[in-house]
Protein chains: 2
Amino acid sequence: MNWNTVSFDWNQARAFLVTAEEGSLSAAARSLRLTQPTLGRQVAALEERLGVTLFERVGRSLTLTQSGLDLLHHVRGMGEAAGRFSLAASGQSQTIEGHVSITATNMMATFHLPPVFKKIREMAPEIELEILASSEVRDLRRREADIAIRHGRPEHPELIAKLVGETTAHLYGASEHLDAVGRPMHPDDISDADFIGFGDPTEYLPYLTDIGLPLTRENFKTTTNSGTVILALMRQGFGLSMLTRQDADLAEGIEQVLPDLDPIPIPIWLVTHRELHTSRRIRLVFDLLAEELS
Amino acid sequence: MNWNTVSFDWNQARAFLVTAEEGSLSAAARSLRLTQPTLGRQVAALEERLGVTLFERVGRSLTLTQSGLDLLHHVRGMGEAAGRFSLAASGQSQTIEGHVSITATNMMATFHLPPVFKKIREMAPEIELEILASSEVRDLRRREADIAIRHGRPEHPELIAKLVGETTAHLYGASEHLDAVGRPMHPDDISDADFIGFGDPTEYLPYLTDIGLPLTRENFKTTTNSGTVILALMRQGFGLSMLTRQDADLAEGIEQVLPDLDPIPIPIWLVTHRELHTSRRIRLVFDLLAEELS
DNA sequence: TCCAATTCATGCATTTTTGTATATCAGAGG
DNA sequence: CCTCTGATATACAAAAATGCATGAATTGGA
């Protein structure tokens with residue numbers, strides 16, 4: 001086998017990739033936890049070695065040359081393979097100590113997870129837990145987290161999901177707000193009410209109409225992707241919202257509306273990457289989460 | 001973008017790849033022009049970092065663990081991308097100084113190319129020429145050489161080829177041998193003669209029968225992939241062979257047989273990788289070769 | 001069985017790489 | 001017009017990686 005072609009410094013290729021993608025040496029240095037001079041020198045050394053000018057030093061920033069642009073495609077390939085390697089390696093890791101990151105909604109992370117995390121910490125203190133309370137859905141395929149707690153079944157074949165439980169959502173409003181606009185006594189009373197949506201209302205509107213709420217897209221004057229923001233908005237009188245009972249119980253000044261309504265079931269899925277499920281460490285956390293959330 | 005997954009040391013991945021492919025740290029070190037302790041430490045550091053045992057140290061050699069085997073696939077991907085990157089970068093290189101490797105048959109390299117190389121050296125002394133006089137056909141796609149001189153048109157779309165000239169092959173024999181077996185006067189006289197084949201005779205046998213030589217596979221009692229070996233064998237009385245006039249003229253004790261036979265045209269193709277043709281340095285050598293060989 | 005060759009591991013000196021601190025420069029905004 | 005922020009480049013010290021020399025162990029063959 002002829003290894004001449006691959007015997008250049010692969011870290012320099014990495015420096016080139018991240019610098020090009022991030023747009024500056026400084027940003028690349030931050031991403032890789034290196035320093036800007038280091039990245040600068042690695043990129044310069046690569047240019048020297050290849051005999052190709054990759055970046056044009058214009059003013060305060062670097063712009064890719066045409067050659068750099070052409071070559072970037074190839075180091076992207078290296079980077080993607082590196083990512084897959086890293087992912088698979090994490091999955092192969094059988095060490096119990098180390099880092100596990102979990103992502104969940106703000107609400108989940110704030111109101112449900114702390115006791116579970118405490119239990120994990122007691123049972124496996126050598127595991128470093130990172131909690132990404134995030135309103136965005138983290139992309140497990142890009143390894144933005146090791147485990148995700150979601151309320152919908154992920155469809156991607158690379159991911160494995162386990163339905164660990166179910167909570168229920170009910171209709172709530174801030175007491176102060178209800179004092180002002182009046183408490184609805186019948187589902188039909190709320191056809192003109194203001195609602196605060198969690199994410200895109202069209203996704204769950206059918207479930208609301210199914211239980212007899214005469215709502216349309218128009219009722220959702222306000223939407224947010226943050227549960228805590230919903231609570232704040234409710235207290236400010238922006239309207240009503242669906243919340244899980246656990247969330248509502250823990251929040252002040254919130255009361256249930258139309259308690260006789262059927263509750264809306266909210267599934268709780270535990271999701272991880274197929275590759276990661278073989279990791280002893282991640283498996284442990286996954287299983288503990290599954291047990292505790294059931 | 002999340003670069004955590006790629007922020008491991010890529011050179012360690014390279015060490016893993018080459019060690020696994022070569023089968024030992026020492027061999028990998030030779031391939032990468034590093035030392036065995038360096039490779040050993042890089043692989044150990046990777047194992048440490050990933051928390052995965054890649055190799056089982058058994059006796060004097062390393063064997064891949066199952067994990068290592070699973071992960072090897074991914075670093076192969078990195079390696080392939082690295083190779084493509086390197087190839088493309090060589091093509092982008094606009095520096096005139098540097099290394100260019102040319103492969104040709106022994107005969108070509110011995111008898112035809114030296115004066116051409118001298119000219120290249122005079123015109124571009126800053127180019128380091130490497131001459132791979134090789135009987136095997138080097139694989140340009142694996143970058144075993146930058147430019148190849150071949151006698152057949154390469155069919156691969158990644159390669160670009162230019163027909164730069166044509167030489168002719170004629171029938172020769174060693175004088176001493178002919179003294180012993182007699183000089184044939186008519187093509188039919190050689191139906192029982194021994195022939196020394198260059199490579200696989202079936203590939204060019206049709207050309208020989210076309211010019212009236214009553215030969216079959218059976219006549220080729222001896223074959224070799226080396227032109228110089230053919231000359232040596234001819235002198236040892238192993239039989240007759242087709243040679244180019246230039247080769248035969250430069251060899252002692254060889255004389256033409258049946259000079260009235262039609263010569264067999266032998267095309268001379270200059271071949272390089274599509275990516276490399278954009279390199280100023282390689283382009284220069286390519287063009288000079290094309291000019292001189294015409 | 002013993003020898004030669006080849007392997008990986010380790011201690012130490014050297015070389016190389018990296019980080020820190022700093023200088024310089026360009027652009028945005030008051 | 002000036003300041004402030006954030007960019008790259010550079011000098012020098014610190015840290016890390018590398019190579020060399022060597023040792024120990026194993027294989028293959030005389």
Under 3.5 Å, which donor-acceptor pairs do the side chains of residues 72-88 of chain B form with other protein atoms, sequence neighbours left out?
residue, atom, partner, partner atom, Å
Arg76(B), NE, Glu21(B), OE2, 2.5
Ser86(B), OG, Thr5(A), O, 3.1

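- In this structure, Leu62(A) places its CG atom 17 Å from P of dC25(C), rounding to the nearest Å.
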Filtered N/O pairs between nucleotides 16-19 of chain C and protein, under 3.5 Å:
residue, atom, partner, partner atom, Å
dT18(C), OP1, Gln42(A), NE2, 3.1
dG19(C), OP2, Thr35(A), N, 3.3
dG19(C), OP2, Thr35(A), OG1, 3.0
dG19(C), OP2, Thr38(A), OG1, 2.6
dG19(C), N7, Arg41(A), NH2, 3.0
dG19(C), O6, Arg41(A), NH1, 3.2

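- End-to-end axis angle for the helix from dT1(C)-dA30(D) to dG30(C)-dC1(D), using five pairs per end and rounding to 10°, comes out at 30°.
- Annotation: salt bridge (charged side-chain N to carboxylate O under 4.0 Å, His left out) contacts of Arg283(A) (sequence neighbours excluded): Asp287(A).
- Taking each heavy atom of Gln42(B) and Asn11(B) in turn, the nearest pair found is OE1-O, 3.5 Å.
- What separates CG of Leu39(B) from C1' of dG19(D) is a distance of 12 Å, to the nearest Å.
- For Phe220(A), the ring-ring contact (aromatic ring centres under 6.0 Å, His included) test picks out Phe195(A), with sequence neighbours left out.
- Looking at heavy-atom distances under 4.0 Å, Ser24(B) makes contact with sugar-phosphate atoms alone, never a base.
- Other residues, nucleotides and ligands contribute only 12 or fewer heavy atoms inside 6.0 Å of the CD atom of Glu48(B).
- Take Asp70(B) and apply the salt bridge (charged side-chain N to carboxylate O under 4.0 Å, His left out) test, not counting sequence neighbours, and it matches no residue.
- One interatomic measurement links the two molecules: CZ of Arg30(B) to P of dG19(D), which rounds to 14 Å at whole-angstrom precision.
- Rounded to whole Å, the distance from CZ on Phe55(A) to C1' on dA7(D) is 14 Å.
- With sequence neighbours excluded, the residues satisfying salt bridge (charged side-chain N to carboxylate O under 4.0 Å, His left out) with Arg217(B) are Asp200(B).
- The ring-ring contact (aromatic ring centres under 6.0 Å, His included) check on His277(B) picks up Phe286(B), with sequence neighbours excluded.
- Atom pair Leu25(A):CG and dG6(D):C1' shows a separation of 13 Å (rounding to whole Å applied).
- Near-neighbour residues of DNA chain D inside residues 64-72 of chain B, defined by a heavy atom below 4.0 Å, are absent.
- Qualifying salt bridge (charged side-chain N to carboxylate O under 4.0 Å, His left out) partners for Glu22(B), counting only residues two or more places apart in sequence or in other chains: none.
- No donor-acceptor contact under 3.5 Å links the side chain of Gln36(A) to the base of dA7(D).
- Residues meeting the ring-ring contact (aromatic ring centres under 6.0 Å, His included) test with Phe117(B), sequence neighbours left out: none.
- Shown here are the side chain to side chain donor-acceptor pair (under 3.5 Å) partners of Ser90(B), two or more places apart in sequence or in another chain: Arg143(B).
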